Amino acid sequence: MRFDNIWIAGTGGTLGAFEPVAAAVADGRYSAEAAESTGMVSYAQATQAPPEMAVTAGRQAVKEAAEMGVRVGTDTLLLHSHGHFQGIDLWPAACWIARELLGEHVDSTPTTVNAWSNGSLAALDVAASTLTARPDMPSVLITLADRFAPPTDRFHTSPGMVFGDGAAAGVVTRDTGRLRLRSLVSRTDTVLEGLSRGAEPFRTAPEGQPDMRRRTREFLASGAVSLRDVHTRTAQCTRNVVGRALDEAGITADGIDWFLTPFVGRTLYRESFLRPLGIAPRNTVHELGLTIGHLGPCDQMYGLDHLLRNDLLNPGDRVLVIGTGMGFTFSAAVLTADGV
């Protein structure tokens, strides 16, 4: 969809302490071959619970938005996104985050947007659509946070990447801001949902730490699709959403100044994004990702915050943002740095 008056007015981000991947290789938690393939240098490891990190990032975003004259208050909608455990089971983390950031009485429903690793763009889509439909709502505050503490194995949960801990936030509004949303397009290939389900039966309660690699093997062994089919389908969906987002924004791929993707390892980055799209981006945050790890749903919003916080954007720069998540969902957005 094309958007004409939706802006990101403020952003925030926070990370756990950096831990060297070399130490994980030395003590056997990660193989030297995998480390060489991914190119991972370090990863962020947090001691705080994800909602606590979300509040830290949210306060930064609210402060920056206020400097742009954007009000965040009790009539702001709070959207929280995560893919993993938030520190307390059977608990509405979004409501606690809303209390910390918006106040005791909020005139909306704090909501969790669960799109796994595609949470940044899924939440931005909901925020932009809500502001377009609700002229009475002044702003939407997006928070995203995850922590991959034991028993989760951050090194082997998904091939081609190492998971990191952190949070990001953004204030979305109308009329003014730092980044203007030009377009956002999504597509879902539900056939690939089985990659994260495998042959698992439905249960009445969680059963230990899931073996995600086993689930993928089971799905491929079922014969529904081959590994080659998976690569073909994901490449097609990535090209589809990127092409549509660029068309709706009225620009071409060679007009993109910055290229943001999920924070994955070098091989997966090349095979999932560069090769299918056939592009050689001028500027990326890929090297940043190799130092912090894949932050679940936070990657894209954290990447935008990194660009703004470090004054890396020139006025008018065009940013292409790509998101993917289990399910299997694909999104692409085009933003322009019209307010930096």
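Nothing here was measured: the structure is a model prediction, and the numbers come from that model.
Ion pairing of R154 with E19 is absent here, as no side-chain N (NZ or NE/NH1/NH2) approaches a carboxylate O to less than 4.0 Å. Taking a cutoff of 4.0 Å between a charged side-chain nitrogen and a carboxylate oxygen, E218 and R197 do not qualify as a salt bridge. Contact check on R266 versus E287 returns a salt bridge, with a Lys/Arg side-chain nitrogen under 4.0 Å from an Asp/Glu carboxylate oxygen. Comment: D189 engages R233 in a salt bridge, judged by a side-chain N to carboxylate O separation of less than 4.0 angstrom. A salt bridge links R2 to D4: one of the charged nitrogens lies within less than 4.0 Å of a carboxylate oxygen. The residues R99 and E104 are annotated as not salt-bridged, no charged nitrogen and carboxylate oxygen being separated by less than 4.0 angstrom. Salt bridge status for E67 with K63: absent, with no side-chain N to carboxylate O gap under 4.0 Å.
Looking at heavy atoms from C-beta onward, T38 lies out of side-chain contact with T267 at the 4.5 angstrom threshold. T173 is not listed as a side-chain neighbour of V140, based on a closest heavy-atom distance of 4.5 Å or more. T143 has its side chain out of reach of S81: every pair of non-hydrogen atoms, C-beta onward, lies at least 4.5 Å apart. The shortest distance between side-chain heavy atoms of P206 and F85 does not fall below 4.5 Å.
Transitive grouping of hydrophobic side chains (ILVMFWY, heavy atoms separated by less than 4.5 Å) keeps V171 and L304 in distinct clusters. The hydrophobic clustering, which links ILVMFWY residues whose side-chain heavy atoms are closer than 4.5 Å, places F148 and M212 apart. One hydrophobic cluster holds both V285 and L179 under the rule that ILVMFWY side chains link at heavy-atom gaps under 4.5 Å. M1 and V334 fall into different hydrophobic clusters, where Ile, Leu, Val, Met, Phe, Trp and Tyr residues are linked whenever their side-chain heavy atoms come under 4.5 Å apart, directly or through other members. L184 and L307 fall within a single hydrophobic cluster, where Ile, Leu, Val, Met, Phe, Trp and Tyr side chains are chained together by heavy-atom contacts under 4.5 Å.
Of the N and O atoms on the side chains of D257 and N283, not one donor lies less than 3.5 Å from an acceptor on the other residue. A donor-acceptor contact under 3.5 angstrom links the side chains of T152 and H84, judged on distance only. Remark: the D229 side chain and the S226 side chain contain an N/O donor-acceptor pair separated by less than 3.5 Å. No side-chain donor-acceptor contact under 3.5 Å links T324 and N118. For the 3.5 Å distance criterion, the side chains of T76 and S139 qualify, holding a donor opposite an acceptor. Looking at R182 and T336, their side chains do bring a donor and an acceptor atom within 3.5 Å of each other.
The backbone N or O of A128 lies less than 3.5 Å from a partner atom in the side chain of T132, making a donor-acceptor pair. Side-chain N or O atoms of D299 include one that pairs as donor or acceptor with a backbone N or O of F263 at under 3.5 Å. Between the side chain of R178 and the backbone N or O of G10 there is no donor-acceptor pair closer than 3.5 Å. Listed for the R180 side chain is no donor-acceptor partner under 3.5 Å among the backbone atoms of L335. Although no hydrogens or angles enter the test, the distance criterion places no donor-acceptor pair under 3.5 Å between the side chain of Q300 and the main chain of L260. Judged by distance alone, with hydrogens and angles left aside, the side-chain atoms of T111 form a donor-acceptor pair with the main-chain N or O of T109 at under 3.5 Å. Side-chain N or O atoms of R147 include one that pairs as donor or acceptor with a backbone N or O of T47 at under 3.5 Å.
In R203, the CZ atom is crowded: over 12 heavy atoms of neighbouring residues, nucleotides or ligands sit closer than 6.0 Å. Open room surrounds CD on E36; 12 or fewer heavy atoms of other groups in view lie less than 6.0 Å from it.
Considering OG of S129 and CG of L124, their distance stands at 9.0 Å, rounded to 0.5 Å. Residue M301 holds its CE atom at 13.0 Å from CG of L295, rounded to the nearest 0.5 Å. Distance check, rounded to the nearest 0.5 Å: CG of N240 to CZ of F330 gives 10.0 Å. The distance from atom CZ of R187 to atom OG1 of T238, rounded to the nearest 0.5 Å, is 10.5 Å.
Of the listed residues (F18, F163, F155), just one forms a ring pair (Phe, Tyr, Trp, His ring centres under 6.0 Å) with Y43, and that residue is F155.
Ring orientation note: the planes of Y302 and H306 are close to parallel, at an angle under 30° on the 30°/60° scale.
Proximity of the aromatic rings of H80 and H82 is defined here by a centroid distance below 6.0 angstrom, and this criterion is met.
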Report task. List the steps, then state whether side chain to side chain donor-acceptor pair (under 3.5 Å) holds for T261 with H286. Result -> CA-CA 8 Å; T261 70; H286 176 58; 5.4 Å; no

